[in-house]
Amino acid sequence: MKYDFDKVLDRKQGNCRKWSNDVIKEKFGLGETAIPMDLADIDFECSPAIKDAIVKRASVGDYSYTYINNDFYNAVIDWNKRRFNVDIEKEWIKLTFGTVSTLHYIVQAYTKEGEGVLINTPAYDPFAEAVENNNRKLYCSPLKLVNNRYYLDFEDMEEIMKNENIKVFIFCSPQNPSGRVWTKDEIYRLAELCLKYNVLLVCDEIHRDIVFNRKDFISLWNAHPSIHEKSIVCVSPNKGFNLGGLKTSYVVIRNKEVRETLLSRLKSNSITSPNVFAVPAIIAAYNESEEWLDQMTSYVEENFKLVSKFFEENIPKAKVMDSESSFLAWIDVREIFDNEEEMKKFFIKANLTMVVGSYFVQDGEGFVRINIGCPRSVLEEALSRIKKTYEEIYN
């Protein structure tokens, strides 16, 4: 079946935060004609199978407390095996209703106040918030930028683990904001460090559903034979299938002791029954929406090619980092703007929203992230606004 990703969906009708006139005005001072390119969700209508499953469940007319049935577990197990060649068991899976809140629970469960948590930067800001909101000490190991591509600095990470009281490493794979897909060797070396220094490796794999060349992606447990004993894998269909509003994230924990520690923390926070629509949505996503996901991923990959070509031809001073996954373009604009205030004014003039590089904890200054997971006509209009604004200011 051929799916229509050129269809422009009126997301304002669904009370979508990204497209809310009130939110856009409050955050950016822009009006109703602005094109939002900041929040990390996609602007495509969801898979028909997911929509049908939710409508079918809604038609029952009962929205009271629910539970997680075996169909959910079977769907998760089959998806991880079929899509990523990862073998997991029912007991290892825990639905947690949101990766960001889960990171807070993880920090609470495995560290004490004052102990260290390590991340790579630039990083998704809630990684840092999970640490600092719980009075733990944040340590950052900057990614090395070589020829507009990020690499892990293993020497720096080892130095921090060896000399500081690091208990947890929160690792993003694929990486946000750059879309970098780490190699098996890179993940193996990272896992070796965590095992050597007894650091719990928390691997955020929520962008793995949207990888342009799927064979390039290696899940954590397939990269190292022993790291599953000292790790947690965070998974979510929210990015690939746009289910963020249903709180459908989950964790997979193989080691029983590690698992029981987090389950105890979740119990103390009274994390209980799931969203009534979350379970049927995940089942429909994993069991019936794989072809939709593949087509959407190919569509977004073509969007990336369009964006890269646009900047090469029209604004070569802006360097678009080659992305291997997701729908977020990470662009080096240091040759154009002297500071972020200048950058913000540019995008406001262009009537577009975006995310400034300083949002990503540190080491992102001089970059901008724009969301290109949208119908091509919307993307082309956004690029046209960028070109027009650039010509008005700099030509």
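Just so it is clear, the structure is predicted and the values come from calculations on it, not from any experiment.
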For [X], enumerate each residue passing the side-chain contact (heavy atoms from CB on, under 4.5 Å) test, keeping only those at least two apart in sequence or located in another chain.
X	value
Ser47	Ala49, Ile50, Ser289, Trp292
Ile77	Ile88, Lys90, Ile93
Asp62	Val60, Ser64

Test of ring centre spacing under 6.0 Å for Tyr3 and Tyr299:
no
Mind checking salt bridge (charged side-chain N to carboxylate O under 4.0 Å, His left out) for [X] and listing every partner two or more places apart, or none if nothing turns up?
X	answer
Lys25	none
Lys344	Glu341
Glu380	none
Arg369	none

field: Arg83 NZ/CZ over Tyr286 ring centroid, <6.0 Å and within 45° of normal
entry: no
task: Kindly compute the distance separating CD1 (Ile166) from CG (Asn198), expressed to the nearest 0.5 Å.
output: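 Result: 12.5 Å between the selected atoms.
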Distance col, row Gln362:CD vs Ile119:CD1, nearest 0.5 angstrom, shows 7.5 Å
Applied to residues 109-120, the side chain to side chain donor-acceptor pair (under 3.5 Å) test, sequence neighbours excluded, yields Thr111-Arg136
- Item | ring pair (Phe, Tyr, Trp, His ring centres under 6.0 Å) contacts touching residues 230-249 (sequence neighbours left out) |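 Matches after skipping sequence neighbours: Trp79-Phe241.
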So the ring pair (Phe, Tyr, Trp, His ring centres under 6.0 Å) pairs with at least one residue in residues 357-390 (sequence neighbours excluded) are Trp330-Phe360, Trp330-Phe367, Tyr390-Tyr394
| said: Once you measure the plane-to-plane angle for Phe72 and Tyr250, does it fall in the parallel (<30°), tilted (30-60°) or perpendicular (>60°) bin? | reply: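 Ring orientation, 0 to 90° scale: perpendicular.
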Q. If you group Ile, Leu, Val, Met, Phe, Trp and Tyr whenever their side-chain heavy atoms sit less than 4.5 Å apart, what else falls in with Leu30?
A.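 Result for Leu30 is Ile24, Phe28, Ile348.
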Open item on the list: Test: salt bridge (Lys or Arg N to Asp or Glu O under 4.0 Å). Region: residues 320-336. Which pairs qualify, not counting sequence neighbours?
Closed with: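 Pairs touching residues 320-336 that pass the test: Arg149-Glu324, Lys319-Glu335, Asp332-Arg334.
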Practice problem: Identify whether the distance between the nearest side-chain nitrogen and carboxylate oxygen of Lys7 and Asp43 falls below 4.0 Å. | Solution: no
